[in-house]
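Report on the following structure.
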Amino acid sequence: MYLTIIFLFISPFVLSLVFLLRKDKSHFSYPNLPPGKAGFPFIGESFSFLTTGRQGHPEKFITDRVRNFSSGLFKTHIFGSPTAVVTGASGNKFLFTNENKLVVSWWPDSVNKIFPSSMETSSKEEAKKLRTLLMPFLKPEALKRYVGVMDEMAKRHFETEWANQDQLIVFPLTKNMPSISEHGRSRKGKKLEEPFKMVATGVFSIPINLPGTRFNRAIKASRLLRKEVSAIMRLRKKELKAGKGSAEHDDILSHLLMSIGETKEEDVADKIIGLLIGGYDTAKQNEILKGKEGEEGLRWEDTEKMRYSWNVACEVMRIVPPISGTFREAIDHFSFKDFYIPKGWKLYWSAIATHKNPDYFPEPERFEPNRFEGSGPKPYTYVPFGGGPRMCPGREYARLEILIFMHNLVKRFKWEKLFPIENKIVFDPLPIPAKGLPIRIFPQS
Ligand code: HEM
């Protein structure tokens with residue numbers, strides 16, 4: 001009797017497990033798939049994928065596997081999906097030039113669960129909405145006007161956080177750098193710091209929603225953030241209506257609010273959270289200074305002259321790309337490098353594995369900004385912002401913010417690292433200096 005009850009109780013679980021295992025295996029039963037392994041049931045090779053990143057070498061997951069395959073293409077199973085990983089310039093070119101023809105942008109389910117308002121539409125529609133939303137103030141004319149504000153914010157940041165210190169830890173401080181929402185950051189900054197961290201680390205995690213898992217913590221933190229960001233937005237909207245601060249000269253949140261019209265508040269809140277998470281963890285200078293009188297601020301034309309500084313920033317993003325790589329989904333069956341890619345499979349391209357390829361960048365671990373002199377790297381070998389129709393629409397904004405930050409930094413300070421040989425960066429999934437980058441600073445004489 002007891003045995004029958006136990007059997008009746010567990011048999012649905014066993015049957016569904018067998019069904020899922022078979023289904024999981026069936027993904028790999030097509031002929032002529034790329035070489036590679038499925039890994040463990042359900043989780044596939046997600047652990048190895050995430051662990052190599054947390055150990056500081058996300059490219060290792062890829063280089064370890066491609067070593068044996070001359071095609072530079074392999075199959076794996078990550079974030080719940082069979083995935084073909086493409087490597088190198090040819091793989092990047094293939095994905096970037098086939099957007100909307102053979103592939104579309106895709107994010108793991110964990111992302112959709114952490115940002116549930118995006119579940120009503122596909123990743124493709126979401127990305128399109130966000131691009132349209134951002135367009136008005138990512139246009140060159142808008143950015144040109146924004147240089148003065150960015151310069152002002154950077155100045156204020158160095159004055160309040162860096163001046164009068166001899167030692168500091170750079171990474172947590174740069175998170176206080178007001179960028180997208182000066183308003184939200186300054187007032188609620190400390191309170192929201194922890195939930196931002198939880199969402200950022202949970203975005204690419206194994207999607208097991210049980211108390212205590214990273215994924216579960218990220219979902220809870222995203223609810224809190226959505227509430228707080230919505231409240232900041234409501235307040236900002238009221239202030240804008242009352243004529244306090246003009247969107248043209250104010251932070252990016254005001255620009256967003258002015259351009260969204262009647263878009264749903266939670267949707268906008270999610271976009272802003274996404275953007276804030278993106279920025280959470282993001283020689284000519286003296287000549288430029290000489291050309292300025294007193295406290296005169298930076299102009300867009302000044303940033304055009306900062307060639308060497310931009311080469312330095314590019315080399316940093318080569319060795320440590322802020323986004324290691326992203327996914328696509330096959331919208332049709334196709335063949336690549338003579339291997340079959342079934343419809344519905346995911347594809348992953350990796351900026352970091354491309355950037356560390358010695359065929360494209362000799363001695364890839366050596367820091368050498370001159371690589372970007374002249375015509376620079378060959379097409380599709382340097383891809384920190386992706387490529388094709390999905391290429392990052394914020395790249396010019398990012399260029400300005402980075403250059404303005406660097407300009408204000410070298411104008412005021414010299415520095416040395418407290419641990420000169422400690423260079424470890426962990427990718428979780430965004431790159432973070434393992435010790436936060438402690439430095440000793442000196443005022444510029
Ligand atoms: C150094 C800073 C940044 C880096 C390295 C970066 C990199 C990237 C990468 C690799 C992608 C994915 C491209 C693909 O899948 O092909 C992306 C997409 C995107 N980025 Fe950035 N980004 C940066 C800053 C920004 C900023 C400042 C903004 C907005 C103000 C922004 C907005 C976006 C948006 C909206 C997308 C999605 C585009 C789409 O799917 O159509 N990014 N970014």
Side-chain angles (χ1 to χ4, degrees), residues 58 86 91-100 103-108 111 115 118 121-140 142-143 146 149-150 153 174 177-182 200 203-204 251-256 259-260 267-268 270-282 309-310 312-329 346-355 380 382-406 427 429-431:
V86 305
N92 298 340
K93 181 176 178 187
F94 182 82
L95 291 191
F96 297 156
T97 54
N98 278 302
E99 182 78 32
N100 299 328
V103 297
V104 289
S105 190
W106 179 83
W107 292 96
V111 177
F115 298 110
S118 60
T121 51
S122 69
S123 311
K124 185 178 155 192
E125 285 164 19
E126 281 299 314
K128 219 159 133 194
K129 262 205 249 169
L130 182 54
R131 278 189 105 96
T132 318
L133 203 66
L134 289 172
M135 210 69 89
F137 55 83
L138 291 180
K139 281 192 304 210
L143 287 174
Y146 207 53
V149 186
M150 286 181 177
M153 286 176 177
T174 52
M177 167 91 181
S179 62
I180 288 171
S181 165
E182 148 77 349
V203 163
F204 283 118
D251 62 44
I252 200 166
L253 175 60
S254 311
H255 285 249
L256 253 179
S259 54
I260 53 172
D267 268 5
V268 181
D270 272 349
K271 305 283 176 283
I272 291 171
I273 294 167
L275 291 172
L276 287 171
I277 286 167
Y280 176 80
D281 287 306
T282 81
S309 301
W310 184 235
V312 170
C314 287
E315 181 65 345
V316 172
M317 288 192 286
R318 181 187 69 79
I319 297 181
V320 187
I323 294 183
S324 313
T326 66
F327 289 90
R328 298 290 188 267
E329 182 178 38
K346 314 305 174 226
L347 296 106
Y348 183 78
W349 65 271
S350 164
I352 192 157
T354 314
H355 295 176
Y380 301 104
Y382 181 67
V383 284
F385 295 106
R390 288 269 88 87
M391 190 179 202
C392 175
R395 59 195 182 281
E396 181 59 16
Y397 178 98
R399 186 185 75 89
L400 293 175
E401 192 159 85
I402 292 168
L403 287 175
I404 292 167
F405 181 89
M406 284 167 88
F427 292 76
L430 299 176

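Atoms within a ligand are numbered from 1 in the order they appear, just like the ligands themselves. No experiment lies behind these values; they were computed from the predicted model shown. We use all heavy atoms of the structure for the numbers below, so side chains are in, but hydrogens, waters and symmetry mates are not.
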Non-hydrogen side-chain atoms of [X] and [Y] separated by less than 4.5 Å:
X    : Y    : answer
Y348 : S324 : yes
T354 : Y380 : no
F96  : R390 : no
M153 : V149 : yes
I402 : W310 : yes

Distance under 4.0 Å to a non-hydrogen atom of [X]: what atoms of ligand 1 satisfy this?
X    : value
T326 : 12 (C), 14 (C), 15 (O)
A398 : 1 (C), 2 (C)
G386 : 10 (C), 16 (O)

Query raised in the report: Is ligand 1 less than 4.0 angstrom away from at least one heavy atom of R328?
Result: yes
Closest to [atom] among [options] (heavy-atom distance):
atom                     : options                : answer
atom 13 (C) of ligand 1  : R390, R399, E396       : R390
atom 10 (C) of ligand 1  : P384, A351, G394       : P384
atom 19 (C) of ligand 1  : G388, G325, P393, G387 : P393
atom 21 (Fe) of ligand 1 : P321, C392, S324       : C392

Taking all heavy atoms of [X] and all of [Y], pick out the closest pair and write down the distance.
X    : Y    : result
M406 : A313 : SD-CB, 4.3 Å
R328 : G387 : NH2-O, 4.2 Å
P58  : I352 : CG-CD1, 3.9 Å

Query - S105, any N or O under 3.5 Å of ligand 1 N or O - result: no
Query raised in the report: Mind checking whether Y397 has an N or O less than 3.5 Å away from an N or O of ligand 1?
Result: no
**Report entry** Which segment of P322 sits under 4.0 Å of ligand 1 when only heavy atoms are counted
**Finding:** side chain
